[in-house]
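Single-structure report; data block below.
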Amino acid sequence: MSVILDKIDSPADLKTLSYGELNQLCAELREKMVSTVSVTGGHLASSLGAVELSVALHRVFDSPKDKIIWDVGHQSYAHKLLTGRKEQFSSLRQYGGLSGFPDPSESPHDSFVAGHGGNSMSAALGMALARDIAHDDYHVVAVIGDGCLTCGMVYEALNHAGHCGTKLIVLLNDNGMSISPTVGALSRHLNVLRTSRSYKQAKDKTNQLLSLTPGGRKLNWILNRFKEGAKAVVMPTMIWEQLGFTYLGPINGHSIAEVETALIKAKNYHKPVVIHAITTKGKGYQPAEEDPVSFHGVSPQGKILRTVPTYSEISAQTVGRILRDNSRVVVVAAAMLEGNGLSSLAREFPQRIHDVGISEQHAVTLAAGLASRGLIPIVAIYSTFLQRAFDQMLHDVCLPDLPVIFALDRSGIVGEDGKTHQGIFDLSYLSLMPNMIVSAPGDEDELQHLLYTALEAGHPMAIRYPRGCGAGIPLKKEFRSIPVGKGELIKEGKDIAIMAIGSTVMPSLEAAEHLTAYGIDALVVNARFVRPLDEELILEAVSYTGKIVTVEDNVLSGGFGASVLELLEKAKISDIKVKRLGIPDEFVTHGKQDFLRSLYHLDAQGIAAECADFLADVQPEVQGKFSAAVFKR
């Protein structure tokens, strides 16, 4: 029963509560999060660890006038509950419900979009500078996890913020984790600070003692001068101060009073301040505290146990076989070893699997450097995150034509993570890069063969595959090389040609079966490659049927269908009727994968209905033979 939470309709309601009531509120917030996420799924452990930070922030600052920017947003569930959204919280990550990330279109308390890590500092500095230019009066706070400190963009912003010297508060939520334990030299630096609370306590007691001792003030001044010189050794906070920030901490991030004291002190500075708060990921929920990696992202409970492996698991299994067979192969990941299924391989091959943290740009150019010395790097990364390294792919990999393999997990419609995570742009941004081979398997068996094919491609090659389970296709024991740029005719037909890529191949084949029942004989092609296209196969299918429908779980602009249109133009074929199915010019919101695919007519019934409509439009004489409505739900 939420005794205190039921009374909270806005952040202003927090300011009159006692600390006893606040502690009860924190327990109720955690209970609400656990019960909701067990039904909807979501990012649980991070938000559990940021409850007291959220409460303290909204007691000290006046949102939405004051701007609170949450980095990534995995830690923002308590913030949502405290800002007028507790009644809608059960709709978290559901179509038409609350987003799993901060979204300004959802609430004025969400100051900035936060789905990709490392953007809070730049956005916060921009807001602070805009405030100064307008001579306005509000505070700007960036809440950033230590995992995001592996992101190079953060240091660009820190460097600029220190140079500007404008008033800005950074609340560093340090739990030693991103999704997995945070990697890198800075993580080791923060670990020193995490253990330095005894130093802080000893310093406070010494100052109290000296204040009561004759001549103590002068001795204290001498000791302070000595301390400044020794601080970098005893308690290395100098990295922040050298960047122009005042450092406060470390503090206990689960003590509301201690966090409030630091925030109030930071408000009185007229320069950049960083507050270093130590928290526990998964705090208050024992399973999440004991296993914060597994409870970072939680699936809804009560689901039927799956018997078919996921594409991520097939990819990881294939990469493992390749690593064992070929000593030249190395793997680069960007803070997603768990998500990509590579954690066990990292323990088996510690010298050949490199987790660089949330540093996608570095990951790609690191791979380019490895490839330039004769190694074969596999960059294992989510589609949505590879966008962040566009220039590195174009300039550092494709321009010198280096054989870097990109294994793009979570391509296409990913589901409940929503707008910031849908992998619907990769076919477009990859296909415009010279030397890049762009492919997508029609099933999980084809995935392993395409990864194997990439080893000998001799050029940059991207293999994009969807989130979730495969189609249940048995895996061949022996790898086979697939000719680059060659698709496959998987069903013959004479009335219409359906040309599909990746995860739309199986639904297209099923759609053809639906059409057969209504007298429509559809040809189906598994294109496999977007760049280079199988021009011979496509032109032959087009000439045979005269009508073509392309299907892709990618935006239509610059995607597979657009490439087919370019091919027809190049071949000077103008009398062919073409319809393209895919994602229109918009961001795809959150919702279950199956529902979203149905919404965009990318499931079997939707594809069949679109084909029927298309035939009725271009071939009026067949309108009376069937009704497209029979394929629609």
With a cut-off of 6.0 Å (strictly less than), are more than 12 heavy atoms of other residues, nucleotides or ligands near [atom1] of [X]?
X      : atom1 : value
Tyr95  : OH    : no
Tyr452 : OH    : no
Gln286 : CD    : no
Glu289 : CD    : yes

Margin query: Assess whether a salt bridge exists between Arg93 and Asp417, defined as any Lys/Arg side-chain N lying under 4.0 Å from an Asp/Glu carboxylate O.
Written below: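 So Arg93 pairs with Asp417 through a salt bridge.
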Nearest 0.5 angstrom please: [X] [atom1] to [Y] [atom2], how far?
X      : Y      : atom1 : atom2 : answer
Glu446 : Ile482 : CD    : CD1   : 4.5 Å
Glu488 : Asn526 : CD    : CG    : 6.0 Å
Tyr465 : Leu408 : OH    : CG    : 7.5 Å
Ile378 : Ile463 : CD1   : CD1   : 8.0 Å
Leu427 : Leu556 : CG    : CG    : 11.0 Å
Glu106 : Arg85  : CD    : CZ    : 5.0 Å

Could you tell me whether the side chain of [Y] reaches within less than 4.5 Å of the side chain of [X], counting heavy atoms only?
X      : Y      : result
Pro507 : Leu602 : no
Lys577 : Phe614 : yes
Ser46  : Lys281 : yes
Leu567 : Val542 : no
Pro309 : Glu444 : no
Val397 : Val364 : yes
Ile520 : Cys611 : no
Tyr600 : Pro584 : yes

Next item on the list: Say whether Asn554 and Ser428, considering side chains only, have a donor N or O and an acceptor N or O under 3.5 Å apart.
Entry: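 Judged by distance alone, the side chains do pair up.
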Note to self: Between Thr504 and Glu552, is there a side-chain donor-acceptor contact under 3.5 Å, judged purely by atom types and distance?
What the structure shows: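 The answer is no; no qualifying pair exists.
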For [Y], does its backbone N or O pair with a side-chain atom of [X] as donor and acceptor, under 3.5 Å?
X      : Y      : result
Arg528 : Lys486 : yes
Asp110 : Pro102 : no
Thr318 : Ile314 : yes
Arg580 : Leu565 : no
Asn119 : Val113 : yes
Arg30  : Leu48  : yes
Thr150 : Ile358 : yes
Ser598 : Asp594 : no
Thr384 : Thr420 : yes
Asp71  : Val143 : no

Notebook entry, point to check: How far apart are the C-alpha atoms of Val549 and Glu610, what are their side-chain angles, what is the distance that settles it, and do they pass the side chain to side chain contact (heavy atoms under 4.5 Å, CB included) test?
Noted result: CA-CA 9 Å; Val549 174; Glu610 291 285 353; 5.8 Å; no
Taking all heavy atoms of [X] and all of [Y], pick out the closest pair and write down the distance.
X      : Y      : value
Glu338 : Ser343 : OE2-OG, 2.7 Å
Ser76  : Ser47  : N-OG, 3.4 Å
Asp553 : Ile413 : OD2-N, 4.1 Å
Tyr544 : Lys494 : CE2-CA, 4.0 Å
Gln422 : Gln387 : O-OE1, 4.5 Å
Ser107 : Thr83  : OG-O, 4.4 Å

Check: Should Glu416 and Thr40 be marked as a side chain to side chain contact (heavy atoms under 4.5 Å, CB included) after you check the CA-CA gap, both sets of side-chain angles, and the distance that decides it?
Finding: CA-CA 9 Å; Glu416 291 90 344; Thr40 65; over 6 Å; no
Notebook entry, point to check: Between His590 and Phe101, does the ring centre distance come in under 6.0 Å?
Noted result: no
Check: Yes or no on salt bridge (charged side-chain N to carboxylate O under 4.0 Å, His left out) for Lys476 and Asp445, after CA distance, side-chain angles and deciding distance?
Finding: CA-CA 7 Å; Lys476 302 290 193 305; Asp445 182 55; 3.6 Å; yes
Note to self: Run Glu360 and Met153 through side chain to side chain contact (heavy atoms under 4.5 Å, CB included) and show every step you take.
What the structure shows: CA-CA 10 Å; Glu360 294 84 1; Met153 181 176 169; over 6 Å; no
Next item on the list: Go through Tyr382 and His421 one step at a time and tell me if the ring-ring contact (aromatic ring centres under 6.0 Å, His included) criterion holds.
Entry: CA-CA 9 Å; Tyr382 287 8; His421 280 58; 7.7 Å; no
Next item on the list: Decide side chain to side chain contact (heavy atoms under 4.5 Å, CB included) for Leu92 and Tyr77; before the verdict, give the C-alpha distance in whole Å, the side-chain angles of both, and the deciding distance to 0.1 Å.
Entry: CA-CA 9 Å; Leu92 184 72; Tyr77 289 179; 3.7 Å; yes
